[in-house]
**Q** 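The following block contains the structure, expressed as structure tokens.
Proteins come first, then strands; the chains are lettered A, B, ... in the order of their sequence lines, and each starts at number 1. On a predicted model such as this, the values are computed, not experimentally measured, just so you know. Just so you know, these numbers use all the heavy atoms, side chains as well, and skip hydrogens, waters and symmetry mates.
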Protein chains: 4
Amino acid sequence: MAYEKRPDSSRRSERSRTAILDAAMAQVAELGYQKTTIEGIAARAGVGKQTIYRWWRSKGEVLFDAVEMSIEEGAGAVEGEEPALPDTGDIAADLKTVLRATVDEFTDPRLGPVLRALNTEIQIDEALAERNRTRSLEPGWAAYEARLRAAQEAGQIDADADVRTVVEMLTGPLTYRWLFQTGPLTHAYADTLADMTLKAVGRD
Amino acid sequence: MAYEKRPDSSRRSERSRTAILDAAMAQVAELGYQKTTIEGIAARAGVGKQTIYRWWRSKGEVLFDAVEMSIEEGAGAVEGEEPALPDTGDIAADLKTVLRATVDEFTDPRLGPVLRALNTEIQIDEALAERNRTRSLEPGWAAYEARLRAAQEAGQIDADADVRTVVEMLTGPLTYRWLFQTGPLTHAYADTLADMTLKAVGRD
Amino acid sequence: MAYEKRPDSSRRSERSRTAILDAAMAQVAELGYQKTTIEGIAARAGVGKQTIYRWWRSKGEVLFDAVEMSIEEGAGAVEGEEPALPDTGDIAADLKTVLRATVDEFTDPRLGPVLRALNTEIQIDEALAERNRTRSLEPGWAAYEARLRAAQEAGQIDADADVRTVVEMLTGPLTYRWLFQTGPLTHAYADTLADMTLKAVGRD
Amino acid sequence: MAYEKRPDSSRRSERSRTAILDAAMAQVAELGYQKTTIEGIAARAGVGKQTIYRWWRSKGEVLFDAVEMSIEEGAGAVEGEEPALPDTGDIAADLKTVLRATVDEFTDPRLGPVLRALNTEIQIDEALAERNRTRSLEPGWAAYEARLRAAQEAGQIDADADVRTVVEMLTGPLTYRWLFQTGPLTHAYADTLADMTLKAVGRD
DNA sequence: GAATAAGCGAGACGGTACGTCCTGTCTTGAG
DNA sequence: CTCAAGACAGGACGTACCGTCTCGCTTATTC
């Protein structure tokens, strides 16, 4: 059995943790993801490098947490709360609401670039990819799928449509435009995607 | 007026060029994109570092060319030929043909990882992004759009549908699954995407 | 007046003290003086780092004590006893006895290397140097000088010779060979030094 | 056969070499040997750390060369010239001349401390010790021994005295006083040592 | 056919960041 | 209070690459 010494997280300094995450966001904002270094984050946070290496394994992980903290602060989200789509009874309206929110997040001048960089890092770092899937993507899909299944039960969309594929038809094109910057990322585009996708699974 | 000396490409050593591109592919295959270095490529190719820096501006550019060379070798493609979708008259079948081919390229064990890494680099290096758009993405879209417009004229799909959005509904989800590794990338999935998208723009 | 809090030595753990000194000797034996660290000693002794820093100011001090303990254990010396040279009436024989003992100590495979390393540290740490002079060197000289003065009174050596210089002529070359490893450190060499030195101060 | 890549010394930058040695001496003068770091030397010399590690294996080696350069500059010594003792025919006077010079070197406020630190390092670093023996000590001894043999042939000292031991009786006590700072290091002391040693080997 | 000038292999150079190690201080909880 | 444990800020270590540079060598014109 492989033995590996782990730090005692009960004695972790909250002050350092926060300082590091703040410094990480600030460095990325100023220098961009590539030129942000662990050394730079440590210096800016007034922290020893080892304190970063003790709790994170890479720059990517630090920024993953930093972004998470930023989003939670902004949203005032309750810890551990599962995300959910609104359910007004109008499936089209509800999808548009959440897709527009996604557009807003992607185009946010503060978060957008970091998110893009992290999605980059995911291509290379399998640990980060796994974390992204379980902490970020899957909760989002679950929320979409729950709302879509409600719509199926309400007879608003085909009962036999694969909800997972529907989710991908909604978020795939949006993410594609965002990552490759191949077209404007607007609320109108979000609406179009919702409308067209619903047409593909609508009962007519 | 800024003056910049450019190397005389007529005196360029073809032997070195090929050795570098081969070495680059080999290094990525062995070590992965991240751990591949210009120094390593040079050493493996038996070439001075300057010879790489003289002709390329970054590791990304080298690999971009290396991949291009790999694909051309494999496909035996004629230089400068515009790609085009087949037109059998059956729009669904034609779309499936090309989407399946894309699936095959993405899942190719040799090319896939490099392509994914390059899509990473694109997020950071604007020159590379531009090059990717003009040399890779746009010719692809143009081919899709041409075929879709033909289908519109044939009355097979809605005449007022925005072909660009349709292209994104086809390739967006596919690329998403590929980049984030969130589900199996199969021919069946390609077919489903084609069918659902056509349903969204079908005439009823 | 500067105030400095000192630990209460009456509550000091003898168990820890011994464990630290043993661990220190063991680490030096295994890794050499340079690679021995306070952290390593603490870990090996099963002791907190602070317990070392509370009672010693440097690695050098710890090892000074550790060596002292080792020597006392070996010699079974009575605490506080002043060292003295034998006085058989034969000055040459007596000097040879003690010089040979010094040779034995220097060439002891366990103590030798640590002693050499400590002589290193003395060059840098004035507190340690002072301690070395008063606890180690001066008692030794005093013993030599007492014996030499007895020899002067007995008319065996020049009455006007400077005993301090004579001591240095005996121990200087020995220490030199030991520190710089410039020649074999043998009983024969010790004897030669005694004989030649006595010739220099002999009455003719 | 072990293969180890060695740098090409014909392409070595003399400018960097000199800058490093100068910076090393300056750092030691300002901070002392212990607080002098390779990083600090590199920064002060305006040189990359690797340039130091490429040509030297340790701080000690750098300073060994730095001191050597300092001495040569001071002495205006011809490269590769063997040191030799003066030979005026008066062995006592000649020995005093060179012992006094050694005293002067040891007490030189600029060189002394570095020399002491290096003699420290020698206790620990066998490579450095070897180098010290062959480049520093042995040439010195050879010079002494040559002069002493001449004196033997001239009938000034015992023909059967071991010249090596005589050298050690001259330099050993001097070095001892210097390293352990156990007494004043003066010309008078040098003279006493010469006189007493000669008395030990004199023909009377 | 010699002279000139480019590309080339090689690798030293000034730098920057890496990830590790250790220092000496501080904090926590057990005895 | 001392102690074991170990997190912390700090800083040097020695390594790996970066992108630039300089050195001879090989080639290919150009005179």
Side-chain angles (χ1 to χ4, degrees), chain A residues 5-13 15-17 19 35-43 45-55 57-59, chain B residues 5 7-13 15-17 19 35-43 45-55 57-59, chain C residues 7-13 15-17 19 35-40 42-43 45-55 57-59, chain D residues 5-13 15-17 19 35-43 45-55 57-59:
Chain A
K5 201 175 288 179
R6 296 191 175 289
D8 176 352
S9 60
S10 74
R11 303 187 48 186
R12 181 168 188 182
S13 158
R15 155 189 265 283
S16 294
R17 198 188 128 267
K35 295 197 175 173
T36 294
T37 64
I38 297 219
E39 217 151 60
I41 295 171
V47 137
K49 278 204 283 179
Q50 198 61 36
T51 301
I52 299 186
Y53 283 111
R54 186 157 26 234
W55 303 109
R57 276 180 304 165
S58 66
K59 179 172 73 165
Chain B
K5 199 181 288 180
D8 176 353
S9 60
S10 74
R11 306 190 58 173
R12 180 171 188 181
S13 159
R15 155 192 263 285
S16 293
R17 196 188 131 266
K35 295 195 174 174
T36 295
T37 63
I38 296 219
E39 221 154 53
I41 295 170
V47 136
K49 281 202 289 178
Q50 197 58 252
T51 303
I52 298 186
Y53 284 110
R54 190 163 16 241
W55 303 109
R57 277 181 305 163
S58 66
K59 178 172 73 164
Chain C
D8 175 354
S9 61
S10 73
R11 306 191 55 172
R12 180 170 189 181
S13 157
R15 157 191 262 283
S16 293
R17 194 188 132 269
K35 293 196 176 172
T36 294
T37 63
I38 297 219
E39 220 154 54
V47 135
K49 281 201 289 177
Q50 198 55 254
T51 303
I52 298 185
Y53 282 111
R54 200 174 353 253
W55 304 110
R57 277 181 306 164
S58 67
K59 180 171 72 164
Chain D
K5 200 176 290 178
R6 298 194 173 285
D8 177 351
S9 60
S10 74
R11 301 186 49 188
R12 181 168 189 180
S13 158
R15 155 190 265 282
S16 295
R17 197 188 128 268
K35 295 199 174 171
T36 294
T37 64
I38 296 219
E39 217 152 60
I41 295 170
V47 137
K49 278 203 283 179
Q50 200 61 258
T51 301
I52 298 186
Y53 284 110
R54 189 160 18 239
W55 304 108
R57 277 182 303 167
S58 66
K59 180 171 71 164

**Q** Tell me whether D/Lys49 contacts the main-chain N or O of D/Ala42 through its side chain, where contact means a donor paired with an acceptor under 3.5 Å.
**A** no
**Q** Pick the closest DNA chain F nucleotide for C/Ala42 and for D/Arg57 by heavy atoms, then say which residue is nearer the 5' end.
**A** C/Ala42
**Q** Using whole Å, what does the distance between atom C1' of nucleotide F/dC13 and atom CD1 of D/Ile52 come to?
**A** 13 Å
**Q** Under 3.5 Å, side chain of D/Ser9 to main-chain N/O of D/Arg12, donor-acceptor pair present?
**A** no
**Q** Separation of D/Ile41 atom CD1 from F/dC13 atom P, in whole Å?
**A** 8 Å
**Q** What is the separation between atom CZ on A/Arg54 and atom P on E/dC21, rounded to the nearest whole Å?
**A** 13 Å
**Q** By nearest nucleotide on DNA chain E, pick out whichever of C/Thr37 and B/Trp55 is the more 5' one.
**A** B/Trp55
**Q** CD1/A/Ile41 to CD/A/Glu39 distance, rounded to the nearest 0.5 angstrom?
**A** 11.0 Å
**Q** Could I get the full list of side-chain hydrogen bond (donor to acceptor under 3.5 Å, both in side chains) partners for B/Ser10, not counting sequence neighbours?
**A** B/Asp8
**Q** Using whole Å, report how far NZ of C/Lys59 lies from P of E/dT23.
**A** 7 Å
**Q** Would one find a side-chain N or O of D/Thr51 under 4.0 angstrom from OP1 or OP2 of E/dG14?
**A** yes
**Q** Taking 4.0 Å as the cut-off, does a side-chain nitrogen or oxygen of B/Ser16 come that near to OP1 or OP2 on E/dG7?
**A** no
**Q** If you pin B/Val47 and D/Gly46 to their nearest nucleotides in DNA chain E, which one's is more 5'?
**A** B/Val47
**Q** Relative to the 5' end of DNA chain F, which residue comes earlier, C/Ser13 or A/Ser9, by the nucleotide with the nearest heavy atom?
**A** C/Ser13
**Q** If you compare all heavy atoms of D/Ala45 against all heavy atoms of D/Ala19, which two are closest, and at what distance to 0.1 Å?
**A** CB-O, 3.5 Å
**Q** Rounded off to whole Å, could you give me the NZ-to-P distance for the D/Lys35 and F/dG11 pair?
**A** 12 Å
**Q** Under the side-chain hydrogen bond (donor to acceptor under 3.5 Å, both in side chains) test, which residues partner C/Ser16, sequence neighbours left out?
**A** C/Ser13
**Q** In whole angstroms, how far is the C1' atom of F/dA5 from the CD atom of C/Glu39?
**A** 12 Å
**Q** Which heavy atom of B/Ile38 sits nearest to which heavy atom of B/Lys59, and what is that distance?
**A** CD1-N, 3.9 Å
**Q** Rounded to whole angstroms, how far apart are CD1 on D/Ile38 and P on F/dC13?
**A** 6 Å
**Q** Just by protein heavy atoms under 4.0 Å, how would nucleotides 20-31 of chain F read 5' to 3' in B, S and -?
**A** BBB----BS---
